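Each remark here refers to the structure printed beneath this line.
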Amino acid sequence: MRRYNPKEIEPFWQKFWQDNKTYHTSEDSTKPKRYVLEYFPYPSGAAMHVGHVRNYTIGDAISRFNRMRGHNVLHPMGWDAFGLPAENYAIKTGISPKQTIKDSTTKFKKQLMQMGFDYDWSREINSSDPDYYKWTQWFFLLLYRRGLAYRKESLQWWCPVDKTVLANEQVENGHCWRCDSIVEKKALPQWFFKITEYADRLIEDLEDLDWSDSIKSMQRNWIGKSKGAEVDFKIDGTGEKLTVFTTRPDTLFGATFMVLAPEHELVKKITTAEEKDEIEKYIKSAQAKSEIERQDTNREKTGVFTGAYAINPVNDTKIPIWIADYVLAGYGTGAIMAVPAHDERDNEFAKKYDLEIIEVVKTDEKSEIHSEGVIINSGKYNDLRSEQMREKIVNDLAKSKQGKEVINYKIRDWLISRQRYWGAPIPIIHCDKDGIVPVPEKDLPVVLPEIKSYEPSGDGRSPLANVEEFVNTTCPKCGGKATRETDTMDGFACSSWYFLRFADPHNSEKAFSDDKAKFWLPVDDYIGGAEHAVMHLLYARFWTKVMFDEGLVDFSEPFKSLRNQGMILAPDGNKMSKSKGNTIEPGGLIDQGYGADSIRLMELFIGPWNQAVNWSIDGIGGTFRFLQRVWVLNQEFIDSEEKGDGSDPEIIRATHKAIKKVSEDLADMQFNTAVAALMELTNELYKIKADKGFVAKAEWDFALMTLAQLLAPFAPHITEELWQDLGHKGSVHLSEWPVHDDKYLVSDTINIVVQVNGKLKANVKVSADSSEEEVVSSAKSDGKVAQSLDNKEIKKTIYIKGRLINFVVE
RNA sequence: GGGCGAGUGGCGGAAUUGGUAUACGCGACAGACUUAAAAUCUGUUGGCUGAAUAAGCCUUGAGGGUUCGAGUCCCUCCUCGCCCACCA
């Protein structure tokens, strides 16, 4: 008997699949298409660990299951290859990022192949390849042409370690998302994409997506739409006016002071001579604070009076104007009317500086601040409900031209320029005469030149600025001397359209052909971690909508359903990380002899796919033992000399039960219970073998063949071997998924649970076609039941057909 | 502070959506094989009382409710995880 040796069979089948192009996909419209996608990884030098593998294992199981079910499955893989790690490594070692990426891609690909994933490698893409980024640049020009890309000098997040600016989404709690250093603000001319123009659609279209509520709400929160009003306040004794944004115009009568952000442009104009010193001191100290300090919500609020007063437009009251850094310069108008009776923050501030507090809403809830209710102390508006007054006052203000309804968003335009080398060059030329000139399409790609020094200048310019041959060019418009833009694009630009390139990866005429995009897109199953919730997933949706508007695609949402897999934590409960030294790598487990199949099985069996779990060191032994049991059973059957020609309905029943359970569970992505069902089937087959031996050849054949097929999406290597050993030709993965027949599941006798007052007393076996009377009488005749009933009066008998009887007594 | 989610054996987790709670696996214990160990196989394994593989009681974070019947539905509370957070 052959031993189960994954080290031997796994590489064999991996080669077989490559040689036979088993997983190559084409536009075959005779079958329903299914596009299964995992986010294309950044090929870092580090080995992948079992946490990463879970993501790919889930995608692979979905892909294989659907292929066997007769779907035409696209399951591609590629590399999100631009990015800082390779560049930082280049600074340290002098090895070019191109080389680093080449090496680590080879390594990463080898690891993926070692796991036996069914990617169509003929579609492999690499975002740092000029054939790819040519089209990223093309999309930049498309955005530019549509007025969605613009350059503006402004104060931006700056990472002092990575020496580049960052988008808002890439600043986490005042730290750089990549290197975790504390970010600063720096004024630089930068390129932006106008994602704010799509804010409404990005919210509205979430509605119809099959995504988790938590990701949807993260996106909604990030976009942060709020409806309110802008209200103009005259500044006493000057010609100036101060505009504030508020979501509660109904509390306008309760505004007892105003607060400006320290950076607000009016501050200098309105500050009185006496207060000037204090104000300047405060502004300086606010600037000196780090962003983390400023964002700390527990911090005590501070502020300074400007000496100036504003006039409340509704009642002509003079109210003092303060500055305070709890008001953000970047949101709304950078100025607020403070209503300390009904806003917690204003309340805290008013109490500290002894400012007036006027109640204008009689709240109908417990909390003193916030909340809605009946309006008081507000002149003619008294006795209205908050929501009624909001509408009325906005109308009245609009009539007198002192305010208007406004919608505000938290989301900012997407800052996409990076002062780094290893990215797609922004295809723009600066000409003294013609200003900003886009590179003509025929001149694309703007190729990233090979350079010697990767050190960023640190003065806000990328290393490309030092490469004269790159910088100096001619203006496409006037032919005169001009210079190239030296910033490169945010890597997230490259990943905002990669899912389209997979549909048509080798097209040299277009980013993708209409037909192929139409055939494959949108993505049916997008599997990935929640870390992309407000970056990639928002950007990709935005780009897709732009393409839709341009008529390039016929859908406006790229990812129909999104599956967020749960994280695999280290056995110690922490996130796996190289620095903690607690990573578990599949390579190591394979070396120990477990094999990719056991690892894959464990990834899915360990718990629900979308829940975080700790990796269990010992668990892998269990899935390996299971595969070995399957292997041994298969071998014993093949080698057996006593294969009879009897029949055994038990084998057929157990097999059909498993087909039903595994098919349903796979369709619902209940991988852990699907694996459990396969273990149960195997256990049952062992029991039958022990009782009767291999007496029913045809039935055993059917059972073992089916077991191989049902197991195939999870353990692709061993199942090929089982399949061949049973005498089948071709790959099990191209075989047809089995279908169960209910007629084999019904049995002659059924088990009825008997309860007395809801407590389990007995199980009785009755024939399946028994009437209620027959079941009741056989239940009563059970010894234990009779004892419990003890001649008591049965008040009620609950009978659930084929399942349960409950006698209610006393 | 806001949003999303979760609490079931020693552990990871099941439970046909209101109908036998603890499937499946890990671990542990006992036995077989072995000079021995590993591997493998067989059995036991929620808790308490009991000599018992007799019988009974208890058990799904806590407490209440609805129901013939609640892990599942409703109310009150507690704990934990993740994400966002001075967004006016």
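Chain letters run A, B, ... following the sequence lines, proteins first, then strands; residues in each count from 1. Please read these numbers as outputs of a predicted model, since none were measured by experiment.
Scanning for salt bridge (Lys or Arg N to Asp or Glu O under 4.0 Å) contacts around A/K225 gives A/D200, with sequence neighbours left out. In this view, A/E684 and A/R653, A/A654, A/K657 satisfy the side-chain contact (heavy atoms from CB on, under 4.5 Å) rule, not counting sequence neighbours. Every residue two or more places apart in sequence or in another chain was checked for a salt bridge (Lys or Arg N to Asp or Glu O under 4.0 Å) with A/R803, and none qualifies. Checked against ring pair (Phe, Tyr, Trp, His ring centres under 6.0 Å), A/H740 has no partners two or more places apart in sequence or in another chain.
Counting only heavy atoms from C-beta on, A/W222 has its side chain closest to B/rA85 among B/rA85, B/rA88, B/rA21. Set against B/rU40, B/rC24, B/rA88, the side chain of A/T247 has B/rA88 as its closest nucleotide. Between B/rC68, B/rA88, B/rC24, one nucleotide has an atom nearer to the side chain of A/E680 than all others, and that is B/rC24. Candidate nucleotides B/rC83, B/rA88, B/rC86 were compared by shortest atom distance to the side chain of A/D343, and B/rA88 ranks first.
Summarising the geometry, the separation between CH2 on A/W177 and P on B/rC83 is reported as 15 Å, rounded to the nearest angstrom. To the nearest angstrom, C1' of B/rA70 lies 16 Å from CG of A/L760. At whole-Å resolution of the value, CD in A/E684 and P in B/rC24 are 10 Å apart. Rounded to whole Å, the distance from CG on A/N564 to C1' on B/rG81 is 16 Å. For A/K225 and B/rC84, the NZ to C1' distance is 20 Å, given to the nearest whole Å. Per the geometry, CG belonging to A/L601 stands 16 Å off P belonging to B/rC24, to the nearest Å. Between the CG atom of A/L678 and the P atom of B/rA23 there is a distance of 18 Å, rounded to whole Å. For the pair A/F624 CZ and B/rA39 P, the computed distance is 12 Å after rounding to whole Å.
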Using the 3.5 Å cut-off, write out each protein N or O paired with an N or O of nucleotides 57-59 of chain B and the distance between them.
unit_1: B/rC58; atom_1: OP2; unit_2: A/K759; atom_2: NZ; d: 3.2

> How does protein contact run along nucleotides 3-17 of chain B, one letter per nucleotide 5' to 3', with B for base contact, S for sugar-phosphate only, - for none, heavy atoms under 4.0 Å?
Replying inline: SS-------BSS-B-
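Among the protein residues, A/G622 comes within range of the sugar-phosphate backbone only, with heavy atoms under 4.0 Å from sugar or phosphate atoms but none that close to a base. Contact annotation for A/R629: backbone-only contact, meaning every heavy-atom pair under 4.0 Å involves sugar-phosphate atoms and none involves a base. Using a 4.0 Å heavy-atom cutoff across all strands shown, A/V753 reaches at least one base atom of the nucleic acid. Among the protein residues, A/V327 comes within range of the nucleic acid bases, having at least one heavy atom under 4.0 Å from a base atom.
Distances shorter than 4.0 Å separate some side-chain N or O of A/S226 from OP1 or OP2 on B/rA88. Using a 4.0 Å cut-off, some side-chain N or O of A/N683 falls inside it from OP1 or OP2 of B/rG25. Under 4.0 angstrom from either OP1 or OP2 of B/rA88 there lies no side-chain N or O belonging to A/Y326. Residue A/R625 places no side-chain N or O under 4.0 Å from the OP1 or OP2 atom of B/rC41.
For B/rG5 and B/rU44, the P atoms lie 41 Å apart once the distance is rounded to whole Å. Across B/rC68 and B/rA30, the matching P atoms stand 50 Å from one another, rounded to whole Å. Rounded to whole Å, the C1' atom of B/rG64 lies 28 Å from the corresponding atom of B/rG56. Rounded to whole Å, the separation between the C1' atoms of B/rU22 and B/rA32 comes to 29 Å. Rounded to whole Å, the P atom of B/rU60 lies 15 Å from the corresponding atom of B/rC73. Rounded to whole Å, the P atom of B/rC74 lies 26 Å from the corresponding atom of B/rG12. On the P atoms, B/rU8 is 14 Å away from B/rC80, given to the nearest whole Å. When the P atom is compared between B/rU53 and B/rC48, the two are found 13 Å apart, to the nearest whole Å.
Applying the side chain to side chain donor-acceptor pair (under 3.5 Å) rule to pairs touching residues 324-341 of chain A yields A/S226-A/Y331, A/Y282-A/D325, A/K289-A/D325, A/R299-A/D325, A/Y326-A/D346, sequence neighbours excluded. The salt bridge (Lys or Arg N to Asp or Glu O under 4.0 Å) contacts involving residues 209-219 of chain A comprise A/D210-A/R563, where partners must be two or more places apart or lie in separate chains. Within the structure, salt bridge (Lys or Arg N to Asp or Glu O under 4.0 Å) pairs that include any residue of residues 665-680 of chain A comprise A/K661-A/D665 (at least two apart or interchain).
Under the 4.5 Å side-chain criterion, counting only non-hydrogen atoms from C-beta, A/I750 is in contact with A/V766. A heavy-atom distance below 4.5 Å is found between the side chains of A/Y353 and A/W322. Residues A/E405 and A/P249 have side chains not in contact (no heavy-atom distance under 4.5 Å, counting atoms from C-beta outward).
The 5' end of RNA chain B is approached more closely, in terms of each residue's nearest nucleotide, by A/A676 than by the other of A/K575 and A/A676. Residues A/Q755 and A/A677 both approach RNA chain B. Their nearest nucleotides, taken by heavy-atom distance, put A/Q755 toward the 5′ side.
Because its glycosidic torsion is more than 90° from 0, B/rG81 is reported here as anti. Annotated as syn: B/rG9, whose O4'-C1'-N torsion sits within 90° of 0. The glycosidic torsion of B/rU17 lies within 90° of 0, placing the base in the syn range.
One donor-acceptor pair, N or O on each side, does fall under 3.5 Å between the base of B/rC68 and the side chain of A/N806.
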Mind listing the side-chain donor-acceptor pairs of residues 616-628 of chain A below 3.5 Å, one per line with the distance, residues two or more places apart or on another chain?
unit_1: A/S616; atom_1: OG; unit_2: A/G619; atom_2: N; d: 2.9
unit_1: A/T623; atom_1: OG1; unit_2: A/S598; atom_2: O; d: 3.0
unit_1: A/T623; atom_1: OG1; unit_2: A/I620; atom_2: O; d: 3.1

For a quick test of your reading: what N or O donor-acceptor pairs under 3.5 Å do the side chains of residues 599-611 of chain A make, sequence neighbours left out?
unit_1: A/R600; atom_1: NE; unit_2: A/F714; atom_2: O; d: 2.9
unit_1: A/R600; atom_1: NH1; unit_2: A/D60; atom_2: OD2; d: 3.0
unit_1: A/R600; atom_1: NH1; unit_2: A/M115; atom_2: O; d: 3.1
unit_1: A/R600; atom_1: NH1; unit_2: A/G116; atom_2: O; d: 3.4
unit_1: A/R600; atom_1: NH2; unit_2: A/D60; atom_2: OD2; d: 2.6
unit_1: A/R600; atom_1: NH2; unit_2: A/P713; atom_2: O; d: 3.2
unit_1: A/E603; atom_1: OE1; unit_2: A/R54; atom_2: N; d: 3.4
unit_1: A/W609; atom_1: NE1; unit_2: A/M669; atom_2: O; d: 3.2

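Both tests pass for A/R541 against the ring of A/W211: distance under 6.0 Å to the centre and angle within 45° of the axis.
Ring-plane geometry between A/H536 and A/Y39 is classed as perpendicular, the angle between the planes exceeding 60 degrees on a 0 to 90 degree scale with a lower cut at 30.
For RNA chain B, runs of at least 3 consecutive pairs of the Watson-Crick or G-U wobble type, with both hydrogen-bonding distances under 3.5 angstrom, map to B:1-7 with B:78-84, B:10-12 with B:24-26, B:27-32 with B:40-45, B:46-49 with B:55-58, B:61-65 with B:73-77.
Side-chain contact, A/N683 with A/K687: no donor N or O sits under 3.5 Å from an acceptor N or O.
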